[in-house]
Amino acid sequence: MNLRTLLTACGTACTLAACALNSPMPRAPVVTSVSPAPESKPAAPVSVGANQYLVQKGDTLYSIGRKFGIPFIKLAEFNQLQAPYEIHVGQVLNLTAKSGTSATNNKATDPAGADDAEVVTSAISRPDMNATSEAASTANAAPALQATTEGEKSAAPLDLEAINDSDIQWQWPLAGKVSAGFDVQTNKGLNITGSAGQAVNAAGAGKVIYSGMDVRGYGKLIIVKHNSNLLSVYAHQGNSLVKEGVFVTQGEKLATLPAPANNKLPVLHFEIRQKGKPVDPATYLPSTPATASSH
């Protein structure tokens with residue numbers, strides 16, 4: 001190879017090398033950074049009106065009704081709820097009837113003006129005291145009698161649905177004096193005056209379906225179911241001795257009267273209810289009230 005050819009080849013090689021050096025390098029792929037997800041914003045606060053309630057954890061329709069003095073059946077009506085009356089946390093419930101609802105429903109929202117027939121009926125028709133649970137408790141009852149208090153025994157389970165009204169034997173629940181008779185408008189039962197510590201007895205055999213203080217205006221209250229139609233109500237007694245679910249015999253001790261208050265003798269308010277509505281107890285009880293003390 002002559003010198004001229006060699007120089008030409010070297011020049012070409014240098015040119016190519018320079019071009020390679022001056023050529024832009026391939027760019028690395030750009031990874032686009034992922035924008036962080038926007039922080040979840042807290043839910044807008046729920047607007048609750050003056051006559052509404054925001055359901056909290058642990059609430060039930062019955063506990064809410066008890067809190068505001070409204071029968072839970074009415075709460076269900078106000079909010080168009082159907083059995084089994086399920087509610088959830090954060091739900092807004094109406095505490096009054098919506099506009100256009102009858103005045104009868106509005107009346108029930110005021111504890112002072114509510115028909116106490118509805119109030120007592122709401123206490124005895126709670127979801128946890130329905131016919132299904134009652135039947136189950138009867139079916140599962142032990143053959144042995146259940147102890148109540150002071151060594152007394154409760155009655156054996158009864159088939160209340162099979163008992164006719166005429167089969168129920170009645171007695172006066174308290175040996176005392178009738179201080180106020182039945183009046184469908186002003187007094188739904190009898191007021192019987194007694195003495196502190198005096199025994200309040202079951203007017204008839206049946207099952208205790210309520211024992212507590214959840215019904216406004218009734219103080220300490222016991223309700224006994226005698227059959228599918230009739231209930232007896234014992235209000236303003238001082239010391240309940242029986243629990244819900246036990247069966248009692250006629251004359252069995254249910255409670256005692258409290259100590260006198262405001263210089264007045266203790267009074268038992270006694271009712272008999274037929275299908276939830278008050279009736280005159282005098283039409284069921286013996287014609288002569290008991291007068292002897294019973295402790």
Side-chain angles (χ1 to χ4, degrees), residues 73 83 116-149 152-175 182 184 188-190 192 199-212 214-215 218 220-235 237 240-255 268-290 294:
I73 292 295
D116 61 356
E118 292 179 350
V119 175
V120 172
T121 301
S122 71
I124 63 179
S125 58
R126 293 173 296 164
D128 59 334
M129 292 297 293
N130 57 26
T132 301
S133 62
E134 179 177 307
S137 64
T138 301
N140 296 329
L145 301 180
Q146 295 177 320
T148 54
T149 59
E152 294 177 323
K153 300 291 184 178
S154 64
L158 303 173
D159 183 3
L160 300 181
E161 303 302 319
I163 299 176
N164 296 321
D165 292 2
S166 58
D167 295 332
I168 302 172
Q169 301 295 315
W170 296 96
Q171 72 169 53
W172 285 80
L174 182 73
F182 175 83
V184 70
K188 307 300 183 182
L190 302 177
I192 308 172
V200 175
N201 303 310
K207 179 181 180 180
V208 177
I209 61 170
Y210 184 85
S211 180
D214 296 331
V215 182
Y218 278 78
K220 287 188 177 179
L221 173 68
I222 292 174
I223 301 175
V224 176
K225 179 176 181 179
H226 303 285
N227 65 0
S228 58
N229 294 324
L230 296 170
L231 310 167
S232 56
V233 178
Y234 312 77
Q237 34 81 13
S240 299
L241 302 177
V242 291
K243 297 180 179 180
E244 294 177 5
V246 302
F247 289 81
V248 295
T249 58
Q250 179 192 19
E252 184 170 334
K253 189 175 181 179
L254 303 178
L268 172 71
H269 177 74
F270 175 73
E271 298 180 6
I272 292 180
R273 300 223 168 196
Q274 185 177 50
K275 295 187 180 299
K277 299 297 182 180
V279 294
D280 187 356
T283 61
Y284 293 86
L285 299 174
S287 56
T288 304
S294 176

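The model shown is predicted, which means the values in this text are computed figures rather than measured ones.
- Between I209 and K225, the closest heavy-atom pair is CG2-CB, 3.9 Å.
- Using a 4.5 Å heavy-atom threshold, the side chains of L254 and Y234 count as touching.
- Residues that satisfy the side-chain hydrogen bond (donor to acceptor under 3.5 Å, both in side chains) test with N229, not counting sequence neighbours, are D165, K275.
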Checking side-chain contact (heavy atoms from CB on, under 4.5 Å) for the pair V279/Y284: CA distance, chi angles, key distance, verdict?
-> CA-CA 9 Å; V279 294; Y284 293 86; 3.6 Å; yes

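- A donor-acceptor contact shorter than 3.5 Å links the side chain of K188 to the backbone of V184.
- Across every non-hydrogen atom of S211 and I222, the tightest pair is OG-CG1, 4.0 Å.
- Interatomic distance, CD1 of I168 versus CG of L160, reported as 9.0 Å (0.5 Å rounding).
- From F270, atom CZ reaches atom CD1 of I192 across 7.0 Å, with rounding to the nearest 0.5 Å.
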Between V224 and H226, does a side-chain contact (heavy atoms from CB on, under 4.5 Å) hold up when you go through it step by step?
-> CA-CA 6 Å; V224 176; H226 303 285; 3.6 Å; yes

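- When atom types are taken as modelled, the side chain of N227 and the backbone of I163 share a donor-acceptor pair closer than 3.5 angstrom.
- The two residues A235 and L268 have their closest heavy-atom pair at O-CD1, 3.4 Å.
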Let me see the working for F182 and T283 under side-chain contact (heavy atoms from CB on, under 4.5 Å), right down to the final yes or no.
-> CA-CA 10 Å; F182 175 83; T283 61; over 6 Å; no

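- Looking only at side-chain heavy atoms (C-beta outward), I272 and W170 come within less than 4.5 Å of each other.
- Closest approach of N201 and K253 over heavy atoms only: OD1-CA, 3.5 Å.
- Annotation: side chain of Y218 is not in contact with side chain of I223 (no heavy-atom distance under 4.5 Å).
- No donor-acceptor pair closer than 3.5 Å links the side chain of W172 to the backbone N or O of L285.
- Distance alone, capped at 3.5 Å, places no donor-acceptor pair between the Q250 side chain and the A205 backbone.
- Checked by atom type and distance alone, the side chain of Q237 pairs as donor or acceptor with a backbone atom of K220 at under 3.5 Å.
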